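Report on the following structure.
None of these values were measured; they are calculated from a predicted model. Ligands are counted one by one from 1 in listed order, and the atoms in each one are counted from 1 as well.
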Amino acid sequence: MLSVFFALSYSVFEEDIVTYPIKGFNPHTFIDWDGMLACVIYLPGCNFLCPFCHSSVLATDPDSLKTVPFEHIERFIKEKKGWIDAMIIGGGEPTLYKQLPDLIKDIKKMQLLVKLDTNGSNPRMLADLISQGLVDYVAMDIKSSLEQSNYDKAAGVSVDLIAIRKSIDILLNSGIDYEFRTTFVPTLVERADIINIAQAISGAKKFVLQQFDPKDILDCRLSAIKPHTPEVLNQAASLAREFVKNCSVRGI
Ligand code: SF4
């Protein structure tokens with residue numbers, strides 16, 4: 001999901017109460033939410049195994065990472081005295097974590113806006129968070145065209161496409177700000193897939209085509225694949241605008 005991963009090596013003292021399984025904390029990002037100075041926390045585990053994943057340890061072996069005590073994050077935010085606008089919750093797949101609403105409620109106590117990064121596989125949690133007013137922005141990955149074999153190949157597992165479609169509908173009808181995003185990985189996503197996705201999210205507020213970065217990914221067999229050229233991404237974005245006016249390219 002997010003390509004930058006900062007696991008600060010906080011030591012866990014006996015008196016620390018580790019409330020949440022936070023496996024990484026990035027104290028500053030300007031690039032993950034337009035116009036916001038945000039922190040990012042990373043939750044462990046994922047139900048997908050996308051070959052192009054940049055968070056493979058977090059997704060597949062989170063127990064090997066130290067837990068960042070929530071109290072340290074609270075202290076950090078307090079010391080910044082209002083300079084931080086928002087908290088981004090990434091992973092892994094954060095919606096797998098049943099206590100996510102409680103975690104967000106604690107984050108909101110720090111007067112922060114909240115952005116959720118998700119693969120869209122848990123529409124029930126997504127709907128719950130939105131109905132409780134706990135998320136201000138959602139970025140949902142759409143891995144490939146909504147055709148079973150394509151999606152399974154891009155996600156590295158067999159995916160419940162009904163759940164993915166439900167999450168799309170929830171966001172389209174939510175009234176909150178959101179974006180759908182697709183990493184344009186050659187061999188997994190082609191131009192026809194982008195058009196298929198754009199049709200499936202027709203009328204969406206925002207669709208972002210992300211450039212593929214072959215460095216440090218889950219399946220090293222993809223590392224030899226050359227990313228599409230910027231022209232290919234721009235052409236695909238231009239075609240997608242027939243269905244989603246606000247379609248942009250990221251990472252070229
Ligand atoms: S959804 Fe895919 S890219 Fe995101 S954390 Fe899981 S395996 Fe990685």
Side-chain angles (χ1 to χ4, degrees), residues 1-7 21-26 29 31-33 40-65 68 88-98 100 103 115-126 129 135 137-146 148-168 170-171 178-189 193 197 201 207-223 225 227 250-251:
M1 293 170 109
L2 294 168
S3 57
V4 185
F5 178 67
F6 293 83
I22 296 165
K23 291 294 180 179
F25 176 58
N26 176 358
T29 173
I31 59 170
D32 292 300
W33 191 353
V40 190
I41 57 174
Y42 299 89
L43 294 178
C46 191
N47 50 350
F48 286 8
L49 285 171
C50 311
F52 53 93
C53 177
H54 289 284
S55 308
S56 54
V57 177
L58 200 55
T60 63
D61 186 21
D63 291 345
S64 67
L65 300 168
V68 181
I88 298 171
I89 305 176
E93 175 47 42
T95 63
L96 297 179
Y97 179 51
K98 288 196 172 52
L100 184 58
L103 169 60
K115 171 182 177 238
L116 174 73
D117 290 338
T118 180
N119 63 20
S121 61
N122 191 346
R124 190 178 291 186
M125 174 66 85
L126 183 61
L129 295 175
V135 281
Y137 194 99
V138 175
M140 177 180 156
D141 294 336
I142 301 184
K143 301 297 180 183
S144 190
S145 47
L146 291 156
Q148 196 68 53
S149 62
N150 283 359
Y151 216 92
D152 292 354
K153 200 171 155 201
V157 295
S158 178
V159 175
D160 176 1
L161 281 187
I162 294 173
I164 301 296
R165 286 187 187 278
K166 269 189 195 160
S167 291
I168 290 172
I170 288 166
L171 288 178
Y178 62 84
E179 69 182 46
F180 296 106
R181 56 191 191 184
T182 297
T183 304
F184 204 165
V185 188
T187 71
L188 298 178
V189 182
D193 298 312
I197 296 166
I201 59 168
F207 181 30
V208 181
L209 304 188
Q210 303 182 138
Q211 178 60 297
F212 165 57
D213 175 2
K215 288 192 292 294
D216 300 325
I217 53 177
L218 189 147
D219 187 340
C220 56
R221 288 172 300 178
L222 270 191
S223 301
I225 288 178
R250 187 178 284 158

(request) For N119, take its heavy atoms, then give the atoms of ligand 1 lying under 4.0 Å from any of them. (result) 1 (S)
(message) Which of the numbered atoms in ligand 1 are under 4.0 angstrom from any heavy atom belonging to G92?
(response) 5 (S)
(request) Determine whether the side chain, the backbone, both or neither of K143 has a heavy atom under 4.0 Å from any heavy atom of ligand 1. (result) side chain
(request) Might you confirm whether atom CZ of R250 has over 12 heavy atoms from other residues, nucleotides or ligands at distances under 6.0 Å? (result) yes
(message) Please confirm whether S55 approaches ligand 1 to less than 4.0 Å, judged on its heavy atoms.
(response) no
(request) Determine whether the side chains of T29 and D32 contain a donor N or O and an acceptor N or O closer than 3.5 Å. (result) yes
(request) Could you verify whether a donor N or O on one side chain and an acceptor N or O on the other, from T118 and E93, lie under 3.5 Å apart? (result) yes
(request) Report yes or no: does C46 have an N/O/S atom closer than 2.8 Å to atom 2 (Fe) of ligand 1? (result) no
(request) Could I get the full list of side-chain hydrogen bond (donor to acceptor under 3.5 Å, both in side chains) partners for D216, not counting sequence neighbours? (result) none
(request) Return the set of residues passing side-chain hydrogen bond (donor to acceptor under 3.5 Å, both in side chains) with Y137 (not counting sequence neighbours), or none when no residue passes. (result) E179
